[in-house]
Amino acid sequence: MEDIEMCKKLPIPIIETIKKRCSVRTYQDKVLEPNVKELLQDYMDSLENPFGMPVKKYIIDRKLASEGEKLGTYGVIKGASTFMGISIPDIELAHVAAGYEFENLILEATALGLGTVWLAATFNRDGFASAMRIPQNELFPAISPVGYPAAKRSMTESLMRTAMRSSSRKEWSKLFYLDNFQTPLHKDEAGDYAEPLEMLRLAPSDKNTQPWRVLKSGNGYHFYVTYKSGISKGEEIIKRVDVGIALSHFHQTTLELGLKGYFKQAEPEKIELPQNTYYITT
Ligand SMILES: Cc1cc2nc3c(=O)[nH]c(=O)nc-3n(C[C@H](O)[C@H](O)[C@H](O)COP(=O)(O)O)c2cc1C
């Protein structure tokens with residue numbers, strides 16, 4: 001159990017940055033200015049998570065190799081030459097912590113005017129793992145390019161956004177519940193926490209699946225994840241990373257608004273869970 005105050009608010013405007021963030025896959029052919037890179041490195045060095053899990057961060061400068069070579073992104077990313085990554089031990093809460101910390105970094109990069117995009121699938125994992133020197137015994141869930149966004153999206157990027165409906169999000173009634181999973185939570189019932197929940201709703205997720213669910217019960221907000229049975233272990237890990245991203249938005253917004261609270265493993269006992277829904281944290 002960790003007190004929420006043990007994890008600091010990021011030194012950027014949170015709500016404004018969350019609203020501004022959007023995945024960028026098309027970049028200007030321009031390296032990061034040294035002072036920007038330095039700031040990013042400082043941000044990286046001071047990341048932390050409320051679960052006390054070790055999350056390692058990496059940043060490398062590489063020109064993207066042409067297709068078939070080591071540092072590829074299957075043609076998804078254009079123009080970027082700096083990449084950030086994370087590695088973690090294989091512990092369930094570390095998967096969540098990875099999402100939390102890397103999303104904090106993504107928000108900080110966004111506040112600097114830089115573009116980013118979480119990549120968990122469309123990159124050559126082996127090539128990047130060796131370039132970033134990821135320890136053999138650690139999981140390497142994701143990377144992100146970081147750079148100056150191009151004025152216009154590539155055709156590939158535009159098609160991807162349309163296919164995943166990247167600019168839209170599920171309604172409140174599909175995500176947030178009160179006391180049980182049959183009763184949707186209305187904004188006015190969330191009081192001061194309506195804004196943190198709204199910021200959670202804007203979180204990015206793998207293929208925009210938005211697998212997070214939140215149940216309010218008394219003064220507590222219980223966080224769950226939903227995914228189909230039979231997905232691979234790697235896919236399950238990414239679902240927990242998605243929840244960590246959502247928790248970054250929720251927690252950092254509560255800190256910006258000065259709301260009090262703490263994280264705790266406190267799964268409610270008598271709540272009937274919908275199929276394929278799993279508890280994460282409270
Ligand atoms: C954990 C995670 C993994 C992702 N993996 C990929 C990926 O492999 N390739 C890609 O192009 N986009 C990837 N995305 C980006 C999502 O498709 C994107 O966040 C989502 O469609 C919502 O769009 P937005 O970020 O612009 O709000 C990933 C996002 C997350 C959070």
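Counting starts at 1 for both ligands and their atoms, following the listed order.
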For this session: Using a strict cut-off of 4.0 Å, indicate which atoms of ligand 1 neighbour a heavy atom of D242.
Result: 1 (C), 31 (C)
Exercise. Below 3.5 angstrom, do we get any N/O pair linking M164 and ligand 1?
Worked result: no
Exercise. Looking only at heavy atoms, is any part of L119 under 4.0 Å from ligand 1, and if so is it the side chain, the backbone, or both, or is it neither?
Worked result: both
Exercise. What residue and heavy atom of the protein are closest to atom 25 (O) of ligand 1, and at what distance?
Worked result: S23 OG, 2.5 Å
Problem set entry | Proximal candidate to atom 7 (C) of ligand 1 [heavy atom criterion; set L202, T122, V117, T73] | T122
For this session: Identify whether V76 and L159 are in the same connected component of the hydrophobic contact network (ILVMFWY, side-chain heavy atoms under 4.5 Å).
Result: no
Seminar exercise, completed: When distances are taken from atom 5 (N) of ligand 1, the protein heavy atom at minimum range is A120 N, 3.1 Å
Exercise. Does any N or O atom in R21 lie less than 3.5 angstrom from one in ligand 1, N or O only?
Worked result: yes
Problem set entry | Side-chain H-bond candidate by donor/acceptor type, S154 with E157, under 3.5 Å | no
For this session: Check if A142 has a non-hydrogen atom at a distance under 4.0 Å from any atom of ligand 1.
Result: no
Problem set entry | Q252 side chain to I14 backbone, donor-acceptor under 3.5 Å | no
Exercise. For ligand 1, which atoms have a heavy atom of I245 less than 4.0 angstrom away?
Worked result: 31 (C)
Exercise. Any idea which atoms of ligand 1 are less than 4.0 Å away from a heavy-atom of C22?
Worked result: 26 (O)
Exercise. Nearest protein heavy-atom contact for atom 11 (O) of ligand 1: which residue, which atom, what distance?
Worked result: R25 NE, 2.8 Å
Exercise. Would one find an N or O of A121, backbone or side chain, under 3.5 Å from an N or O of ligand 1?
Worked result: yes
For this session: Give the numbers and elements of all ligand 1 atoms closer than 4.0 Å to a heavy atom of V76.
Result: 11 (O)
Exercise. Is the closest heavy-atom distance from E103 to ligand 1 below 4.0 Å?
Worked result: no
Problem set entry | No-hydrogen, no-angle side-chain donor-acceptor test under 3.5 Å, S87 and E138 | yes
Exercise. Heavy atoms only: which of R165, R161, R169, K239 is nearest to atom 22 (C) of ligand 1?
Worked result: R169
Problem set entry | Geometric cation-pi criterion, K239 with Y227: 6.0 Å, 45° | no
